[in-house]
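Everything on this sheet refers to the single structure shown next.
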Amino acid sequence: MEYNFKEIESKWQSYWRENKTYKVSSESDKPKFYVLDMFPYPSGAGLHVGHPLGYIASDIYSRYKRLKGFNVLHPMGYDAYGLPAEQYAIQTGQHPAITTDKNIARYREQLDKIGFSFDWDREVKTCDPKYYKWTQWTFIQMFNHWFNKDTQKAETIESLVATIAKEGNAGINAACSQDTPAISAEEWNNMSQNEQQQFLLNYRLAYLADAVVNWCPKLGTVLANDEVKDGLSVRGGYPVVQKTMRQWSLRVSAYAQRLLDGLEKIDWSDSLKDIQRNWIGRSLGTEMIFNVKDSDVKLEIFTTRADTVYGVSFMVLAPESDYVKQLTTPDQADAVKEYLDYVAKRTERERQSEVKTVTGVFTGSYAINPLTNEEIPVWISEYVLAGYGTGAIMAVPAHDSRDYAFARKFNLPIIPVVDNGGEIDLSESSYDAKEGKMINSGDLNGMDVKDAIKYTAEKVEKMGIGKIKINYRLRDAIFSRQRYWGEPFPVYYKDNLPYMLDENKLPLTLPEIDKYLPTESGEPPLGRAKGWTTEEGYQLELNTMPGFAGSSAYFLRYMDPENDNALVSKEANEYWRNVDLYLGGAEHATGHLIYSRFWNMFLYDLGVACEEEPFKKLINQGMIQGRSSFVYRVQGTNTFVSAGLKDQYDTTEIHVLVDFVKNDILDLEQFKNWMPEFNNAEFILEEDGKYHCGHAVEKMSKSMFNVVNPDNVIEEFGADTLRLYEMFLGPLEAHKPWDTKGIDGVYKFLRKFWRLFHNGEEFCVSDETPTADELKTLHRTIKKIENDIETFSFNTSIPAFMICTNELSALKCNKRAILEPLVITLAPYAPHIAEELWHALGNRESVTIATFPTWDEKYLIEASKEYPISFNGKVRFKMTFPATATNQEIEEAVKASADTARWIDGKSIKKMIIVPNKIVNVVIG
RNA sequence: GCUCGGGUGGCGGAAUUGGUAGACGCGCUGGACUCAAAAUCCAGUGUCCCUUAAAGACGUGCGGGUUCGAUUCCCGCCCCGAGUACCA
């Protein structure tokens, strides 16, 4: 009987579907285990072989955990809001919901063929009103909370209002907007309701404020920092400019310290934690106030180098800073205006690519150095960022390379204040290192730099002109998008101030519109919606939420996806708690993985989530790259020359569809029929009469014709082979090119495995007692596989299975006692063939609920305490002897112990190395 | 620039974390079975020296070091990949 994967796979896939084999419930006595994949955005292109890599790994782990007796939650869903569907809608007029549904159906069809053990009854879609009801609900809660820095927790706005009404806001240590004014209880109580509403926006965790945003004119929307790379939008690659707009923001920065501290508690890769640490960017420094000559403006700056205050020779403001207006003198007004116009015109990309170009303008004002009382000019330059620190700096050109470049350009003094053994040369560059002794610095002279930083910070604090301050790079997340295809905000406006809808009115569903474009007056697409008002006639919010809104709490929703009364019930949440294993790409490190941690921490503060960290363990699967194939056209002809001979001609390289290429050999007929221009192509072949293609590793993409569809692989080899092969390709976390060359080997293994159970046409398994050798092979394999799965080294499991099969096949072993546990061991990797054989062995229950076999050490050698590894008949072991033992004694002891070991039967000691500290290496073969 | 990873045969990649480097697969060579092909099975396959074999020497990016012993640990350099970038 041949291994007929098609029949087997469709049979078991429908069996699992009909019996809901993988449905789970939170009402269980078993321990829980939550395995989650990052849910996909269903793009129009469908899945390529790279997508399932992580899903296969997580499925192996889920199936393994089930066999180990866990109640495994392993759901799947769709991140359904997104730009591509909307761009398509703009071009074609097709409603994004239709496009999205079609793509989801296609994804589902492809996923089903791979044999995943998802509980599809828990599927979520972010664009489903039943789902986004809870996204809107969470937003309302954020609006109604503020962050208390003393308790490091979100607390209700009512509690804040009560405090302010009683004692003003002076004693409140809140994460709030930088320009929040100090008010007394009396002032608060005298405010109008509108004034109070406006004031509270400074505190709310979801707040409306003017912000400098990344505006992408081409997409017609603002973007978050992680959606912009190198000054271009991540989606589409369009230029981005800085613009001030009134936008919703989430006060993510309030949680900076908790997001940082939380990293210590979770099991993520060091590199990923590192990326997040850098992104959060904690830095300890000093905030210092400089008075300004002839003005009562207090110029506040942030520095990490308080020690260099004697070396300050000018100040610099960010162009967008509020100080600019306050400090520009009338006679400099024109020059400043001209400079600001120039800055406003520059795109983010220009700013970044021309970092070396130094620009700036003098404000006309002078600040007073609080320690030297010297007058120092205040400049404006785009190298200072409005969003970090206070948007103003003290410039120390001798010890900061950017200040140095600026001073050189505008001829400002460079005053050295650090000396390092007289070796510092400031004629070419600054000396930035925090090493050396202070000079030219009054009472700091002679101090070590690090001591001087601390000393100065404390000194200015005592003088009342500064304080020690921790700054974070992490910014608040801009939460408004001027798009149609996203969650509507549960927000309406009264007197130009935002108010939240009643929770009972949720979900606020997305309205229909005629065109998916901004209105004529430049408002977002929702401005086209008819009757987009509350029942009372108040205007509803026209922006929608960004992509990360829907993906920030989906892991909680999977726990209780049907619940209409809560995001997740207390019972379901307390059973499933958080994700034990999360698999996904590292590209989400600064986006989704920050936002969802923030979102979950907020829900934790509310008591909705019972765990502060959502993802206990995280694994980043690598990307599968494409392997592009090339043909070489001889210039000016329709003749194609094989790769090995191309150097003899003048050729152009042309991408060829990889489907026509097998083991780098081109199928000439398929190629000719590909496009009309190739119909009468001629070929110059190599000696073997074949056309060899060239190849290169590139990103998998349609335009390079190197996309491999998993459906084709399944059609030819079956899902089990695809699953095994994707794992066999290399370490899970590595990037690797897709190359079908080796897939035959894996397929061959499955057929060989199948043959262990069959004798010709008939299923043939015996009930004989296994021999020691057979048991040894079995137990070694079980041990290895168990260890591999626990450590996510799925790639090394496949060789172990192959060796095991080869050995059993050489031993002609078809014994039930060996094969039955082996089937279960293979089941996580190749579930279809495992089910088929499991049932053929006479077991009526699904292999899923059998238990993972345990391995027995006694079959795994005992000569010494160390386990020898033996994959090919060679055995090695290690023994340690006291230093007094002679070589002869050692040799005898080794031989005696080797002889008693079962595995030495019929073999002899081939090599023995005895080294002075009495460790012995023995090779037996 | 800074911060992380990583450099092992013709290729993808193993190596019990300091103990036979190159498992397993692909590819290649030869053989068996076949009229033939496919499928399957067996043997060989790091480099050099050699007609062959044995034996030997060399060999994990480069140069040093620690050690009886280093792909593994330490120091310096080179190259590749990822993240980040006027963050004061």
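The figures here come from the full heavy-atom set of this structure, side chains too, leaving out hydrogens, waters and symmetry mates. Quick note on labels: first sequence line is chain A, next is B, and so on, each numbered from 1.
The phosphate of B:A88 has neither OP1 nor OP2 within less than 4.0 Å of any side-chain N or O from A:Asn471. Between A:Tyr388 and B:A88 there is a side-chain polar atom (N or O) within less than 4.0 angstrom of OP1 or OP2.
Backbone-only engagement by A:Leu729 is indicated by non-hydrogen atom pairs under 4.0 Å involving sugar-phosphate atoms exclusively. A:Pro737 comes within 4.0 angstrom of nothing in the nucleic acid, heavy atoms only. If you check every strand for non-hydrogen atoms under 4.0 Å, A:Ile393 touches a base. Nucleic acid contact for A:Asn795: sugar-phosphate only, since backbone atoms but no base atoms lie under 4.0 Å from a heavy atom of the residue.
Paired regions of RNA chain B, where each region holds three or more successive Watson-Crick or G-U pairs whose two hydrogen-bonding distances fall under 3.5 Å, are B:1-7 with B:78-84, B:10-12 with B:24-26, B:27-32 with B:40-45, B:46-48 with B:56-58, B:61-65 with B:73-77.
In this structure, A:Asp744 atom CG and B:C11 atom C1' are separated by 15 Å, rounded to whole Å. If you measure from atom CD of A:Glu807 to atom C1' of B:C24, you get 12 Å, rounded to the nearest angstrom. With rounding to whole Å, A:Phe728 atom CZ is found 10 Å from B:A14 atom C1'. Following rounding to the nearest Å, A:Asp739 (CG) and B:G13 (C1') show an atom-to-atom distance of 12 Å. Here B:G13 presents its C1' atom at 15 Å from CE of A:Met727, a figure rounded to the nearest Å. In this structure, A:Arg282 places its CZ atom 13 Å from P of B:A88, rounding to the nearest Å. The CD1-P distance, from A:Ile743 to B:C11, rounds to 22 Å in whole Å.
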Nucleotides 2-5 of chain B: which of its N/O atoms have a protein N/O under 3.5 Å away?
residue : atom : partner  : partner atom : Å
B:U3    : O2'  : A:Asp274 : OD2          : 2.7

Could you list, one pair per line, each protein nitrogen or oxygen that sits under 3.5 Å from a nitrogen or oxygen of nucleotides 37-40 of chain B, together with the distance?
residue : atom : partner  : partner atom : Å
B:U40   : OP1  : A:Arg751 : NH2          : 2.7
B:U40   : O3'  : A:Arg755 : NH2          : 3.3

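A salt bridge links A:Glu807 with A:Arg780: at least one charged nitrogen is closer than 4.0 Å to a carboxylate oxygen.
Identified under the side-chain hydrogen bond (donor to acceptor under 3.5 Å, both in side chains) test for residues 723-732 of chain A, with sequence neighbours left out: A:Asp59-A:Arg723.
Looking at residues two or more places apart in sequence or on another chain, you find a ring pair (Phe, Tyr, Trp, His ring centres under 6.0 Å) between A:Phe717 and A:Tyr747. For A:Asp274, the salt bridge (charged side-chain N to carboxylate O under 4.0 Å, His left out) partners two or more places apart in sequence, or in a different chain, are A:Arg277. By the side-chain contact (heavy atoms from CB on, under 4.5 Å) test, A:Val361 is found to be paired with A:Ala335, A:Val336, A:Tyr339, A:Ile380, residues two or more places apart in sequence or in another chain being considered. In this structure A:Phe406 satisfies the ring pair (Phe, Tyr, Trp, His ring centres under 6.0 Å) test together with A:Phe314, A:Trp379, A:Tyr383, A:Phe410, sequence neighbours excluded. Partners of A:Tyr310 according to the side-chain contact (heavy atoms from CB on, under 4.5 Å) rule, which considers only residues two or more places apart in sequence or in another chain, are A:Leu371, A:Thr372, A:Val417, A:Ser441, A:Asp443, A:Leu444, A:Lys459. Under the ring pair (Phe, Tyr, Trp, His ring centres under 6.0 Å) criterion, A:Tyr595 pairs with A:Phe548, not counting sequence neighbours. For A:Trp754, the ring pair (Phe, Tyr, Trp, His ring centres under 6.0 Å) partners at least two apart in sequence or on another chain are A:Tyr3, A:His758. Under the side-chain contact (heavy atoms from CB on, under 4.5 Å) criterion, A:Ser809 pairs with A:Leu756, sequence neighbours left out.
For A:Asn369 (side chain) and A:Val309 (main-chain N/O), a donor-acceptor pair under 3.5 Å exists by modelled atom type.
Comparing B:G81 with B:G76, their P atoms are spaced 24 Å from each other, to the whole Å. The separation of B:U8 from B:C4, taken at their P atoms, amounts to 22 Å, rounded to a whole angstrom. For the C1' atom pair drawn from B:U51 and B:C35, the interatomic distance equals 37 Å after rounding to whole Å. Separation of the C1' atoms belonging to B:C28 and B:G19 is 33 Å when rounded to the nearest angstrom.
For the residue pair A:Ser283 / A:Asn471, no side-chain donor-acceptor distance below 3.5 Å is found, with atom types taken as modelled.
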